[in-house]
Amino acid sequence: MPRLNDQVGELLQEYADLINITGGDAFRARAYEKAARAVGGHPEDLADLDVKGLQQIPGVGKSTAEKIAEYLATGRIPALESLRAKIPSGVREMMAVPSVGPKRALALYRDLGIASVEELAEAIRADRLAGVAGFGERSGEKILHGIELMRQSGGRTLLDTATELAEQLVEALSAVPGCTRCAYAGSLRRMRETVGDIDVLATAADSAPLMAALTELPYVAEVIGSGPTKTSVLTTQGIQVDLRVVPEEDWGAALVYFTGSKAHNIKLRTMAVRAGLKLSEYGLFEVDGDARKGAKGAQGAKTEGTKGAQGAKGAQGARTEGTKVVSATEDEVYAALGLPWIPPTLREDRGEIEAALNGELPDLIEESDLRGDLHTHTDLTDGLATLTEMIDTAAARGYSYYAVTDHAPDLVMQRMTNEKMLAQREELRRLADRHKKLRLLHGTELNIGPDGGVDWPPEFLAGFDVCVASVHSHFNLDRAAQTRRLIRACENPYVHIIGHLTTRRIGRRGPIDVDLDAVFEAAARTGTAIEINSSPQRLDLRDEDVLRAKRHGVRFSIDSDAHATGHLAYPRFGIGTAQRGWLTTEDVINAWTWQKLKRFLHKDALQK
DNA sequence: GCCGTTTTCGGCCCGACTGTTTTCAGTCG
């Protein structure tokens, strides 16, 4: 079960979608979309708020607050239900198909009775779209193609795949003659756990050679669209890449714009408008009275005069309107709005702009701050590399401490025994002098049983330098049992770190049903760290849960969970999640000196 | 529907690309 705030957020988003589909007021729909985002990201539990309290959430007014209160009281929102009665859920689902939005979804339903993605595909194959207004010859083909893609890729790409591709693209495009700057932007630069597409930004006086170079790359399978400022392609892996080329002097404004997020940009633009400015990907402009009216008119609906304004505002006009204030660097753009530069990982409109205004941006942890890795495996269990190979690779990363934490015997398939574990410990101690600067820790990854117990009795556990404890089975316990087992694991004096808390595998397995706040409370109370598992398939905890855990006073351990030497580089991705959760070095135990970490690992002594 | 150091009414972020439209709506980010 998702947390209540997310549930309500999803319902409000559904309501907004249904308003859009039924042709309701677009601004009203947008108001509900905004409220949905605000509610989903609100730190306080909605259940604790009354109508007055709900209205304190930015973007939630009287009407939305009453709907939420009604849902909390009765579990129903009658206004939403009456819209649901008019529009089958499959119609809303069709909006997920590329090039199908609310208008086309409605037209397809109203004119042809199509009420699901499956029916849509069938109708196109049967050539039934021809008569519907707005659908020409190519529309069906394009929609069908979109449906196929959706099914193939499941939508989103993992962070490591996307990062690798983006770095290749930047390298290739940077080498094109005339390219003066090139970098990736978008959700990848913000280090979201998955990305829908890859945005690459470049500067050049002439965009044509860059556009051509992109379309000719060997791993580009298909050109979706191409113009003077933007080209979109699909790679052989099915990942969409958008390349934008802007003049060098507009680099900063364009980088802000294409890095996003959408919500962050909207807030920046609103700040700009209040200051009599206009922010676009071409820069921050001063706007005189007339031009401002024109810009607003072009936005609006069907009033007289707006057509003229829009007509006069051709593709050229939009770029030259007003006097440019700044746009060369991100620093300049933020500074002109009265803000310090904001790290991309914070740009989600989760309070970073307010924090920036107050000079309270966190000093985010960086990859170079990590002094060690506290969750790794060897070929003694399911790892691929030997103890010495793992240690040598860790030493090359410049760590000052490193823990080997192979699986414990309750994970039966790993065939662990006391003897094997003790033999590994002896070997590890023998290797202590192999790298003078690297302190080796002998640990284990325990299994949290369904009742919260772990492998081995206390006297054996006391022999380890560090114990990670994780859930590896019984994923389907009910919420109460799941919560109980994790709290009990936190309360174990020999458990220092809870590994991959929710056990999700991105795109493959959902999180277990657990009361995270209760577990965070227990972790903070008992001095147990929660892991940020850096494996791109896991990234567990998620960034928003990291934010919540931090509010409980939880400490974190950013680990690789490496099963091969190459995996020791994973903390790069975990750091992205940590930054998105606003963490500093103070919050992360493996950014601490050994002296400080050593005290933390003596949890059992503190509790005795 | 929300919101207010120009406003309690009248705005609401902004632009590119596509396809079918012959001047622009829809979609997307």
Side-chain angles (χ1 to χ4, degrees), chain A residues 12 15-16 19-20 24-36 38 55 57-67 79 95-107 130 132-143 146 185-187 195-199 223-232 240 242-246 253-254 257-283 285 287 289 292-303 306-308 310-311 313-319 321:
Chain A
L12 293 175
Y15 192 58
I19 291 170
N20 274 323
D25 177 16
F27 290 116
R28 195 167 152 253
R30 194 186 290 175
Y32 279 110
E33 280 174 17
K34 195 175 171 190
Q55 280 185 256
I57 303 173
V60 176
K62 184 159 174 288
S63 175
T64 308
E66 282 169 357
K67 287 189 177 68
M95 285 173 55
V97 177
S99 81
V100 178
K103 299 287 183 293
R104 300 182 116 192
L106 179 67
V132 187
F135 290 85
E137 203 150 305
R138 295 218 49 219
S139 303
E141 203 180 300
K142 201 174 167 190
I143 292 171
S187 53
V195 300
D197 59 18
I198 293 175
D199 292 297
V223 179
I224 299 168
S226 188
T229 64
K230 177 185 173 185
T231 292
S232 299
Q240 182 170 332
D242 293 340
L243 170 63
R244 322 265 182 158
V245 181
V246 299
Y257 181 81
F258 292 117
T259 298
S261 65
K262 189 173 176 175
H264 179 85
N265 283 354
I266 288 175
K267 212 154 215 179
L268 289 184
R269 285 184 179 199
T270 307
M271 287 179 73
V273 168
R274 294 221 176 103
L277 303 168
K278 186 186 71 162
L279 180 62
S280 78
E281 57 264 55
Y282 299 110
F285 298 90
V287 182
R292 198 173 172 188
K293 252 182 229 163
K296 284 185 178 175
Q299 268 303 302
K302 288 131 193 155
T303 52
T306 58
K307 281 181 182 166
Q310 190 158 356
K313 220 178 92 142
Q316 300 299 317
R319 293 173 54 159
E321 193 177 88

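So that the names make sense, note that chain A is the first sequence line, chain B the second, and so on, each numbered from 1.
When each of B/dC13, B/dG19, B/dA16 is scored by its nearest atom to the side-chain atoms of A/Ser139, the top-ranked nucleotide is B/dG19. You'll find that the side chain of A/Ser280 is closest to B/dG15, out of B/dC13, B/dG15, B/dC2. Distance from the side chain of A/Ala31 is smallest for B/dC2 among the nucleotides B/dG26, B/dC2, B/dC14. With distances taken from any side-chain atom of A/Tyr282 to the nucleotides B/dT27, B/dG15, B/dG1, the minimum falls on B/dG15. Among B/dT27, B/dC17, B/dG15, the nucleotide with an atom closest to any side-chain atom of A/Pro102 is B/dT27. If you check B/dA16, B/dG29, B/dC2 against the side chain of A/Thr229, the one that comes closest is B/dA16.
No contact: A/Ser232 has no heavy atom under 4.0 Å from any strand. A/Lys142 comes within contact range of the sugar-phosphate backbone alone, with a heavy-atom separation under 4.0 Å but no base atom that close. Residue A/Lys267 is out of contact with every strand shown, counting any heavy-atom pair closer than 4.0 Å. In this structure, A/Asp25 reaches the bases: a heavy-atom distance under 4.0 Å links it to at least one base atom across the strands shown. Residue-level contact check: A/Lys262 touches the bases, meaning some heavy atom is under 4.0 Å from a base atom.
Both thresholds, 5.5 Å between centres and 30° between ring planes, are not jointly met by A/Phe27 relative to the base of B/dC2, so the two rings are not stacked.
In terms of heavy atoms, A/Tyr282 sits closest to A/Ala253 at C-CB, 4.0 Å. In terms of heavy-atom proximity, A/Ser187 sits nearest to A/Gly196 at OG-N, 4.5 Å. For the residue pair A/Leu268 and A/Leu279, the shortest heavy atom distance occurs at CB-CD2, 3.9 Å.
Contact check for A/Asn20 versus A/Met95: no side-chain heavy atoms found under the 4.5 Å cut-off. Between A/Val246 and A/Glu281 there is no side-chain heavy-atom pair separated by less than 4.5 Å.
Nucleotides B/dG15 and B/dT8 place their C1' atoms 32 Å apart, quoted to the nearest Å. Spacing of C1' atoms, B/dT23 relative to B/dG29, comes out at 25 Å, to the nearest Å. For the P atoms, the distance from B/dC12 to B/dC17 is 24 Å, rounded to whole Å. Nucleotides B/dG1 and B/dT5 have their P atoms positioned 23 Å apart, rounded to a whole Å. Separating the P atom of B/dT21 from that of B/dA16 is a span of 24 Å, rounded to the nearest Å. B/dT6 and B/dG11 are spaced 13 Å apart, taking the C1' atom of each and rounding to whole Å. Comparing the P positions of B/dG4 and B/dC13 gives a spacing of 14 Å, expressed to the nearest Å.
In this model, a side-chain donor or acceptor of A/Tyr257 finds a partner on the base of B/dG29 within 3.5 Å.
Contact between the side-chain N/O atoms of A/Thr64 and the OP1/OP2 oxygens of B/dC2 is found at a separation under 4.0 Å. Phosphate proximity of B/dT18 to A/Ser99: absent, as no side-chain N or O sits under 4.0 Å from OP1 or OP2. Under 4.0 angstrom from either OP1 or OP2 of B/dG19 there lies at least one side-chain N or O belonging to A/Arg138. Considering only side-chain N and O atoms, A/Arg104 lies nowhere under 4.0 angstrom from the phosphate OP1 or OP2 of B/dA25. An OP1 or OP2 oxygen of B/dG1 is reached within less than 4.0 angstrom by a side-chain nitrogen or oxygen of A/Arg28. Taking only side-chain nitrogens and oxygens, A/Tyr32 never comes nearer than 4.0 Å to OP1 or OP2 of B/dC12. In this model, the phosphate group of B/dC12 is not approached by any side-chain N or O of A/Thr270 to a distance below 4.0 Å at OP1 or OP2.
Two residues, A/Gly136 and A/Ile266, neighbour DNA chain B, and the one matched to the more 5' nucleotide by heavy-atom proximity is A/Ile266. Mapping A/Ala96 and A/Leu279 onto DNA chain B by nearest heavy atom places A/Leu279 closer to the 5' end of the strand.
Rounded to whole angstrom, the span from the CD atom of A/Gln55 across to the P atom of B/dG1 amounts to 13 Å. Atom CG of A/Asn265 is separated from atom C1' of B/dC14 by 10 Å (rounded to the nearest Å). One atom, CG of A/Asp242, and another, P of B/dG15, lie 18 Å apart when rounded to the nearest Å. One atom, CZ of A/Arg244, and another, C1' of B/dA16, lie 7 Å apart when rounded to the nearest Å. Residue A/Lys62 contributes atom NZ, which lies 13 Å from atom P of B/dC3 at whole-angstrom precision. Rounded to an integer number of Å, the gap from CE of A/Met95 to P of B/dG29 is 12 Å. Between A/Arg274 atom CZ and B/dG10 atom P the separation is 19 Å, expressed in whole Å. Per the geometry, CD belonging to A/Glu33 stands 12 Å off P belonging to B/dC13, to the nearest Å.
Environment of NZ in A/Lys67: crowded, with over 12 heavy atoms of neighbouring residues, nucleotides or ligands closer than 6.0 Å.
Base pairing of B/dG15: its partner is B/dC28, meeting the Watson-Crick or G-U wobble criterion (both donor-acceptor distances under 3.5 Å).
Annotation: the span from A/Thr64 atom OG1 to A/Tyr32 atom OH amounts to 4.5 Å, rounded to 0.5 Å.
A donor-acceptor contact shorter than 3.5 Å is absent between the side chain of A/Asp199 and the backbone of A/Ala185.
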